[in-house]
Each structure stands twice: as C-alpha cells, then as structure tokens.
**Q** 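What follows is a single structure, and I will ask about it in a moment.
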Amino acid sequence: MSEPTFYEKVYEVVRLVPPGRVTSYGAIAKYLGAARSSRLVGWAMNVSHGVVPAVPAHRVVNRQGLLSGKAHFGDVNAMEVKLTAEGIEVVNDQIQHFDRIFWDPEKDLTIT
DNA sequence: TGAATGACTCGAT
DNA sequence: GATCGAGCCATTC
C-alpha cells in the first residue's frame with residue numbers, strides 16, 4: 001500500500017467518463033496538471049488492469065481517436081466491442097465522430 | 001542514484 | 001497531406 005499516485009488520479013478521471021463518450025490521454029493529463037505527461041496516463045492504464053473498480057480504459061484513446069491501446073486489453077476486439085456496445089462507432093480501430101463524442105474532464109458539466 | 005520504460009503529443013521535413 | 005523524430009514526465013528496476 002502506498003499513497004495515492006498519479007495513476008490513482010488517472011483512474012478517477014477515467015471513471016468519470018460517461019458511457020457513450022470517450023476522452024484522450026492528453027485531456028486527462030492536462031486535467032491532472034501534467035499535459036506533457038500524456039504517456040503517464042497510458043502507463044497508468046497499464047496498471048489499471050488489476051484495479052478495482054475496473055477502469056473504463058476502453059473509453060480512453062489517443063488524440064486521433066484511434067484505439068492505440070486495444071492490444072493491451074487481452075483481446076484486440078474487446079475495446080472495440082465495448083465502445084460499440086455503448087453506441088460508439090468504431091471503424092478500422094478508429095472512432096467515428098470522435099470530435100462529437102469526445103468528453104473533457106473539465107467539461108464534465110457541459111451539455112452534449 | 002542512474003538509467004530505462006511507455007496504451008502520447010507536437011513540430012518539422 | 002503524410003511520415004519521421006524528439007520531448008516530456010512519473011514510476012520502476
């Protein structure tokens with residue numbers, strides 16, 4: 001056991017992502033005050049595998065809306081299936097209408 | 001303590 | 001417009 005680290009903060013933000021929406025690593029990093037630490041967010045996701053409650057890492061994608069981390073879900077299709085189940089269109093591992101379903105932690109109170 | 005890693009991002013060519 | 005390279009920051013060995 002250790003004190004809350006950068007990862008714990010990342011988990012909190014990722015869990016705030018509403019279903020049917022997606023966010024980017026940079027957005028989370030920026031919200032945490034480390035916009036340049038976008039890689040740390042990805043690292044946190046790597047540790048989030050055994051974290052509870054589960055972290056909807058499938059709602060976190062890169063700046064291009066590409067499922068860059070789908071290969072780390074165990075099944076490369078798991079991420080796409082989860083996103084599609086929430087109503088998100090994914091084609092060729094890329095999210096469609098990404099700018100439309102993009103969710104920003106700082107705008108969690110903003111309307112669609 | 002120092003060096004290496006990483007599911008990213010931006011800038012330049 | 002697409003592709004390549006460097007930067008950046010926190011955690012781990």
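Chain naming here is simple, since letters A, B, ... match the order of the sequence lines and numbering starts at 1 in each.
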**Q** To the nearest Å, how far apart are A:L66 CG and B:dC8 P?
**A**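 The answer, rounded to whole Å, is 9 Å.
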**Q** Indicate yes or no: at least one non-hydrogen side-chain atom of A:L16 is less than 4.5 angstrom from one of A:W103.
**A**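 Yes, close enough: below the 4.5 Å cut-off.
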**Q** Just the rounded figure in Å: distance from P of B:dC8 to OH of A:Y31.
**A**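 Computing the A:Y31:OH to B:dC8:P distance gives 22 Å.
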**Q** Would you mind reporting whether A:R59 and A:P19 have side-chain heavy atoms less than 4.5 Å apart?
**A**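 Yes, their side chains come closer than 4.5 Å.
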**Q** For A:H58, report the nucleic acid contact type (base, sugar-phosphate, nothing); a contact means any heavy atom under 4.0 Å.
**A**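 Touches nothing.
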**Q** Kindly give the heavy-atom pair with the smallest separation between A:D104 and A:A27, and that separation in Å.
**A**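 Taking every non-hydrogen atom into account, OD1-CB, 4.4 Å.
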**Q** Report the distance from atom NE2 of A:H72 to atom P of B:dA7, rounded to the nearest whole Å.
**A**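 Distance, rounded to whole Å: 4 Å.
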**Q** What's A:N62 touching, base or sugar-phosphate or nothing? Going by heavy atoms closer than 4.0 Å.
**A**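 Sugar-phosphate: the residue A:N62, judged by heavy atoms under 4.0 Å, touches backbone atoms but no base.
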**Q** Could you state the atom-to-atom distance from CD of A:Q64 to P of C:dT3 in whole Å?
**A**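 Taking CD of A:Q64 and P of C:dT3, I get 11 Å after rounding.
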**Q** How far apart are the closest heavy atoms of A:L66 and A:V61, and which atoms are they?
**A**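 Minimum heavy-atom contact is O-CB, 3.5 Å.
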**Q** For the residue pair A:G20 and A:I101, what are the closest heavy atoms and their distance?
**A**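 Shortest heavy-atom separation between A:G20 and A:I101 comes out as O-CB, 3.8 Å.
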**Q** Mind checking what makes side chain to side chain donor-acceptor pair (under 3.5 Å) contact with A:D93, not counting sequence neighbours?
**A**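 Counting only residues at least two positions away or on another chain, A:D93 forms a side chain to side chain donor-acceptor pair (under 3.5 Å) with A:K70.
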**Q** Separation of A:I28 atom CD1 from B:dA7 atom P, in whole Å?
**A**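 So the CD1-P distance, A:I28 to B:dA7, works out to 15 Å.
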**Q** Looking at every strand, decide which applies to A:A57 at a 4.0 Å heavy-atom threshold: base, sugar-phosphate, or nothing.
**A**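 A:A57: base contact, heavy atoms under 4.0 Å.
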**Q** Just by protein heavy atoms under 4.0 Å, how would nucleotides 6-13 of chain C read 5' to 3' in B, S and -?
**A** -BBBBS--
**Q** For A:N46 and B:dG6, what is the distance between atoms CG and P respectively, to the nearest whole Å?
**A**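 Distance, rounded to whole Å: 8 Å.
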